[in-house]
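Read through the structure below, which is laid out as structure tokens, and then see the notes.
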Amino acid sequence: MPAFEYAPAPESRDLANLKPSYRPFVDGEFVDGSGEPLKTLNPATEEVLAEVGTAAPSDVDTAVRAARRAYEKVWGRMPGAERAKYLFRIARLIQERSRELAVLETLDNGKPIKESRDSDLPTVAAHFFYHAGWADKLEYAGFGPDPKPLGVAGQIIPWNFPLMMLAWKIAPALATGNTVVLKPAETTPLTALVFAEICQQADLPPGVVNILPGAGDVGSLLVKHDGIDKIAFTGSTEVGKLIQREVAGTPKRLTLELGGKAANIVFDDAPLDQAVEGIVNGIFFNQGHVCCAGSRLLVQESIAEELLEKLRYRVSTMRLGDPLDKNTDIGAINSADQLAKIRELVESGEAEGAQRWTSSCPVPERGFFFAPTVFSGVHQSMRIAREEIFGPVLSVLTFRTPDEAVAKANNTPYGLSAGIWTEKGSRILSVANRLRAGVVWANTFNRFDPAAPFGGYQESGFGREGGRIGLEGYLDV
């Protein structure tokens, strides 16, 4: 049965209100950064979107001092009910400007507009609404009668969910009375700087939120700064280890949300059509640029051929192309460097003997794109089964018994997430209890809620973000 053909349905890029240049945000004002300006690209077209001013050591020091001053004189002393008003106001402004932010996120990041519009932006607003509700209830959160904020939080976020990761970091920090110096990713700084405009619109006191664009050197300066009380980092395991070494022996608090190689386990009694949709969502959502992506599919041997046939057909119907087209399922890879990494790992999978199947969908000649790919015949020793590819590439392994499934799922240095597909509730509970993963989804995948904590084990990091438990990382308890 042929797939439907869709007429183009592009969203207008004019909605992004794109400016030719953007500047760091320090102490309530946009300032000229002393660092070397960077140019941010549209990964779908390779065109320059804007020039962005970056921070130098003096800017980092100024921002941290502004955050300290705001914490000691205003924000840390402010009653929780008053802080909540600012967070509610920010959440409403995000909703009002959600279409603008969604288009800008898609231009800067490469993800499909339907994902930034229907998933990212609602989640961003929800995190501010949720944490606003906690601001005046911290004494009832189970952390003692009078929990105190830590002070100034240094936050470093990745490029895969720029605005959503910002919300995960900033909302709980502000709700608990901390002030923030945040460094967005080098390739995706634009929505963070528009969020700074929203802070101004909300009349947030100067210095409570500071945003410093730049490369890894800016993040390193933030980690090493003596005026920082807490570091929150989301990114690669390699960088996370460097940060942990730097922070060791200091009074700084630390939470790390790092890489993953999640197992998505499908048992022989699973509803296969539903499971296929969950598998597709688990690995091809956001081009596979998801730390908790279900990049290892473990299928019970007796249904492996049937499931693979269904999966290949479903993937062949996915549309790759212009991220601003509302019909696009898979957008652009965020950067040339990331595309090169994906290609190198895919080549290693072929060289090691796995069977590659790649969708025949047309790939644009311009921009950073990679067609969705499924490897079968994968063994646990292969690089594609062990290393985080961070792209639209799925590795398929088989198992015979639940014990074998658990053993293979846990055979990884990571431990961020996992999925289970079965009709038996008892099997869900039994297997989930033995999986070393921070989040386990049952008969679904990639579902998030601000009230649910998220985080990992082993080389996927430590600490939790979201929910009541996520507040603890920003409180002196």
Side-chain angles (χ1 to χ4, degrees), residues 1 3 112 260-268 270-321 328-333 338-339 341-363 369-399 405 408-409 411-412 417-421 441 444-446:
M1 180 178 174
K261 193 69 178 175
N264 212 353
I265 306 170
V266 182
F267 288 95
D268 57 5
L272 292 192
D273 291 333
Q274 180 184 344
V276 165
E277 292 303 312
I279 294 163
V280 167
N281 180 57
I283 183 58
F284 299 120
F285 179 76
N286 198 35
Q287 297 74 255
H289 297 335
V290 185
C291 50
C292 57
S295 54
R296 288 184 300 148
L297 176 61
L298 304 183
V299 188
Q300 198 148 17
E301 198 172 89
S302 59
I303 60 166
E305 289 187 16
E306 181 183 2
L307 182 67
L308 272 173
E309 183 179 351
K310 288 177 176 287
L311 178 61
R312 288 170 182 150
Y313 171 75
R314 175 65 182 87
V315 175
S316 72
T317 68
M318 300 183 76
R319 294 174 296 280
L320 179 149
T328 294
D329 297 307
I330 298 178
I333 304 302
Q338 184 60 31
L339 180 58
K341 177 185 176 184
I342 293 167
R343 286 173 171 165
E344 191 265 330
L345 282 166
V346 166
E347 289 170 4
S348 79
E350 291 183 284
E352 290 182 322
Q355 289 80 56
R356 174 182 176 177
W357 177 90
T358 296
S359 173
S360 59
C361 63
V363 178
F369 291 91
F370 194 89
T373 296
V374 178
F375 276 103
S376 56
V378 177
H379 302 295
Q380 295 180 86
S381 60
M382 295 179 178
R383 288 182 65 196
I384 56 172
R386 294 184 288 109
E387 297 182 28
E388 185 178 36
I389 300 175
F390 221 61
V393 180
L394 178 66
S395 298
V396 183
L397 302 90
T398 60
F399 66 91
K408 286 186 173 181
N411 185 22
T412 174
S417 64
I420 302 169
W421 298 84
W441 288 289
T444 189
F445 209 91
N446 273 345

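Numbers for residues simply follow the sequence, beginning at 1.
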Using a 3.5 Å distance criterion without hydrogens, assess whether the side chain of Arg312 forms a donor-acceptor pair with backbone atoms of Val374.
no
Can you name the nearest heavy-atom pair linking Gly391 to Ile342, along with the distance?
CA-CD1, 3.7 Å
Taking the side chain as everything from C-beta on, heavy atoms only, tell me whether Pro372 gets closer than 4.5 Å to Leu394.
no
If I take atom NZ from residue Lys310 and atom CG from residue Leu272, how far apart are they, to the nearest 0.5 angstrom?
6.0 Å
Are a donor atom and an acceptor atom from the side chains of Thr373 and Thr358 found within less than 3.5 Å of each other?
yes
Closest contact, heavy atoms only, Thr398 versus Glu301
OG1-OE2, 4.2 Å
Which heavy atom of Asn286 sits nearest to which heavy atom of Val290, and what is that distance?
CB-CG2, 4.0 Å
Compare every heavy atom of Leu298 with every heavy atom of Ala263, then report the nearest pair and how far apart it is.
CB-CD1, 4.0 Å
Verify, without hydrogens or angle tests, whether Asp268 (side chain) and Gln300 (backbone) share a donor-acceptor contact under 3.5 angstrom.
no
Using the side chain to side chain contact (heavy atoms under 4.5 Å, CB included) rule, take Ile303 and Val266 through it: C-alpha gap first, then chi angles, then the decisive distance, then the call.
CA-CA 9 Å; Ile303 60 166; Val266 182; 4.0 Å; yes
Give the minimum heavy-atom separation between Ser417 and Cys292, together with the two atoms involved.
OG-O, 2.9 Å
If you draw a 6.0 Å radius around CD in Glu305, do more than 12 non-hydrogen atoms from other residues or ligands fall strictly inside?
no
Starting at CD1 of Ile279, measure out to CG of Leu297 and round the result to the nearest 0.5 Å.
4.5 Å
Are side-chain heavy atoms of Ile420 and Phe267 found at a separation under 4.5 Å?
yes
Given Trp421, which partner from the list Ile265, Asn264, Val276 fulfils the side chain to side chain contact (heavy atoms under 4.5 Å, CB included) test?
Asn264
Inter-residue atom distance Phe369.CZ - Ile333.CD1, 0.5 Å rounding:
9.0 Å
Determine the minimum heavy-atom distance between Ala262 and Phe445, stating which atoms define it.
CB-CZ, 4.3 Å
Decide yes or no on side chain to side chain contact (heavy atoms under 4.5 Å, CB included) for Asn446 and Trp441, but give the supporting numbers first.
CA-CA 8 Å; Asn446 273 345; Trp441 288 289; 4.0 Å; yes
So, does Gln338 use its side chain to make a donor-acceptor pair with the main chain of Phe390 at under 3.5 Å?
yes
Quick check for you: to the nearest 0.5 Å, what is the distance between Asn281 atom CG and Asp329 atom CG?
11.0 Å
Output the distance between atom OG (Ser395) and atom NZ (Lys261), rounded to the nearest 0.5 Å.
5.0 Å
Heavy-atom distance under 4.5 Å between the side chains of Ser348 and Met382, does that happen here?
no
Got a second to check how far Leu308's CG is from Trp357's CH2, nearest 0.5 Å?
10.5 Å
Over 12 non-hydrogen atoms of neighbours within 6.0 angstrom of CD in Glu309:
no
Residue pair Val280 / Leu311, side-chain heavy-atom distance below 4.5 Å:
yes
Is there a side-chain contact between Ser359 and Phe284 (heavy atoms, below 4.5 Å)?
no
Can a donor-acceptor pair be found, under 3.5 Å and without considering hydrogens, that links the side chain of Gln287 to the backbone of Ala332?
yes
How far apart are the C-alpha atoms of Phe375 and Val346, what are their side-chain angles, what is the distance that settles it, and do they pass the side chain to side chain contact (heavy atoms under 4.5 Å, CB included) test?
CA-CA 9 Å; Phe375 276 103; Val346 166; 3.8 Å; yes
Give a yes or no on whether a salt bridge exists between Glu344 and Arg383, defined as a side-chain N under 4.0 angstrom from a carboxylate O.
yes
